[in-house]
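Notes follow the structure.
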Amino acid sequence: MKTALITGSSKRLGRSMALHLAEKDYFVWIHYFQDHQNAMATADHIRRQGGAAEILQADLTKEEAVLEMFAECSQKRKSLDLLVNNAAVIQSKRITETKFSEWNEIFGINLRAPWFCSICAAELMKSMSDGVIINIADSGATKNWIKNAAYGISKNALINLTQVLAKSLAPNIRVNSISPGLILPSDDMKPDQWNYLVRKSLLKRDGKIDDLLRALDFILDSPYLTGADIVVDGGYRLGS
């Protein structure tokens with residue numbers, strides 16, 4: 001049984017990926033920061049379906065917390081086959097309105113955490129010949145958003161980080177990113193706002209979680225793929 005760790009996997013897209021990987025016979029580490037209840041519910045759901053999962057709590061902005069998280073992984077599972085850097089924070093602010101502390105929080109979670117988690121994961125994967133790291137970026141990362149400025153910049157940098165990691169960790173570890181588009185609206189987004197964004201995509205429709213999961217499977221099933229960004233957005237990146 002292979003082992004996967006997904007950061008931020010207690011709910012939303014992270015939870016969907018955890019359930020999907022469990023169905024593919026992965027032991028799944030479900031990471032969370034504060035949402036213990038949903039993390040436990042996700043792990044319990046996997047176990048009820050005959051899968052294997054455990055939860056991990058860690059503040060990904062803290063070096064010691066990340067080191068302790070991977071130490072627990074190593075003690076209990078010895079190795080790691082797949083890391084999905086999914087945890088992220090978003091803030092709808094212009095760059096001129098973003099506070100110093102807010103900038104640090106966004107880049108701490110969206111960029112520094114994937115870098116450090118990848119370095120820690122690489123240590124657990126070093127004895128393998130087919131380790132995989134997947135970073136969850138964003139289709140809008142290259143659109144130079146004004147209202148989500150720091151978030152967009154951090155996700156654009158994450159795509160660059162993916163390529164540097166791919167070069168640095170080859171040939172035994174493959175590193176790719178997925179840039180989802182309009183797949184799951186935020187909890188506070190109004191339907192008319194969502195529909196307005198959907199109309200900007202070339203396909204004029206939103207995506208489904210299965211679209212993201214197919215991209216995940218494509219990376220896992222493509223041993224010659226590394227350093228790539230798989231854009232799953234119905235043409236949103238190319239739209240108006």
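These numbers come from the heavy atoms of this one structure, side chains and all, not from hydrogens, waters or symmetry mates. If you read the sequence from its start, that first residue is 1, and numbering goes on from there.
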Please report the C-alpha distance between Ser79 and Lys2 in whole Å, then the side-chain angles of each, then the deciding distance to 0.1 Å, and finally whether the side chain to side chain contact (heavy atoms under 4.5 Å, CB included) criterion is met.
CA-CA 9 Å; Ser79 64; Lys2 291 187 175 182; over 6 Å; no
Could you walk me through whether Cys73 and Leu80 satisfy the side chain to side chain contact (heavy atoms under 4.5 Å, CB included) test, starting with their C-alpha distance in whole Å, then the side-chain angles of each, then the deciding distance to 0.1 Å, before giving a yes or no?
CA-CA 8 Å; Cys73 291; Leu80 184 67; 5.6 Å; no
What's the verdict on side-chain hydrogen bond (donor to acceptor under 3.5 Å, both in side chains) for Gln91 and Glu102, showing C-alpha distance, side-chain angles and the deciding distance?
CA-CA 8 Å; Gln91 188 177 64; Glu102 294 168 339; 3.3 Å; yes
Decide yes or no on side-chain hydrogen bond (donor to acceptor under 3.5 Å, both in side chains) for Asn176 and Thr226, but give the supporting numbers first.
CA-CA 5 Å; Asn176 296 282; Thr226 194; 4.6 Å; no
Determine, step by step, whether Tyr151 and Asp138 satisfy the side-chain hydrogen bond (donor to acceptor under 3.5 Å, both in side chains) criterion, reporting the C-alpha distance in whole Å, the side-chain angles of both residues, the deciding distance to 0.1 Å, and the verdict.
CA-CA 9 Å; Tyr151 171 81; Asp138 194 297; 2.6 Å; yes
Using side chain to side chain contact (heavy atoms under 4.5 Å, CB included), reason through Leu184 and Leu13 one step at a time and then give a plain yes or no.
CA-CA 8 Å; Leu184 190 63; Leu13 295 181; 4.2 Å; yes
Determine, step by step, whether His36 and Gln57 satisfy the side chain to side chain contact (heavy atoms under 4.5 Å, CB included) criterion, reporting the C-alpha distance in whole Å, the side-chain angles of both residues, the deciding distance to 0.1 Å, and the verdict.
CA-CA 8 Å; His36 178 267; Gln57 191 282 332; over 6 Å; no
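The closest side-chain heavy-atom distance from Ile133 to Met125 is below 4.5 Å. Looking at Val132 and Val84, their side chains never come closer than 4.5 Å, going by heavy atoms from C-beta outward. You'll find the side chain of Ile6 stays beyond 4.5 Å of the side chain of Arg15, heavy atoms only. Between Lys99 and Asn104 the shortest side-chain heavy-atom distance does not fall below 4.5 Å. Residues Trp103 and Ile95 form a side-chain contact, since some pair of their non-hydrogen atoms from C-beta on lies under 4.5 Å apart. Counting only heavy atoms from C-beta outward, the side chains of Lys76 and Glu54 approach each other to under 4.5 Å.
In the hydrophobic clustering of ILVMFWY residues, with side-chain heavy atoms under 4.5 Å counting as a link, Ile134 and Phe218 come out together.
Side chains of Asn148 and Ser92: a donor on one and an acceptor on the other come within 3.5 Å. Counting only N and O atoms by type, the side chains of Asp233 and Ser139 include a donor and acceptor under 3.5 Å apart. Residues Thr7 and Asn86 bring no donor and acceptor atom of their side chains to less than 3.5 Å of each other. Between the side chains of Ser154 and Asn110, a donor-acceptor pair is found at a separation under 3.5 Å.
Relative to the ring axis of Tyr236, Lys143 places its NZ or CZ within 45° and under 6.0 Å from the centre. Geometrically, Arg112 does not engage Phe107 in a cation-pi contact defined by less than 6.0 Å to the ring centre and at most 45° from the axis.
With Phe116 as the fixed residue, the side chain to side chain contact (heavy atoms under 4.5 Å, CB included) test singles out one of Leu67, Thr61, Leu60: Leu67.
By the 4.0 Å N-to-carboxylate-O rule, Arg174 lies too far from Asp130 to be salt-bridged with it. For the pair Arg214 and Asp217, the salt-bridge criterion is not met [side-chain N within less than 4.0 Å of a carboxylate O]. In summary, Asp229 and Arg237 engage in a salt bridge, as defined by a charged side-chain N under 4.0 Å from a carboxylate O. The pair Lys208-Asp206 meets the salt-bridge criterion, with a side-chain N (NZ, NE, NH1 or NH2) lying under 4.0 Å from an Asp/Glu carboxylate O.
Between the Asn195 side chain and the Pro191 main chain, a donor and an acceptor come within less than 3.5 Å of each other.
In terms of heavy-atom proximity, Phe70 sits nearest to Leu5 at CE2-CD1, 4.2 Å.
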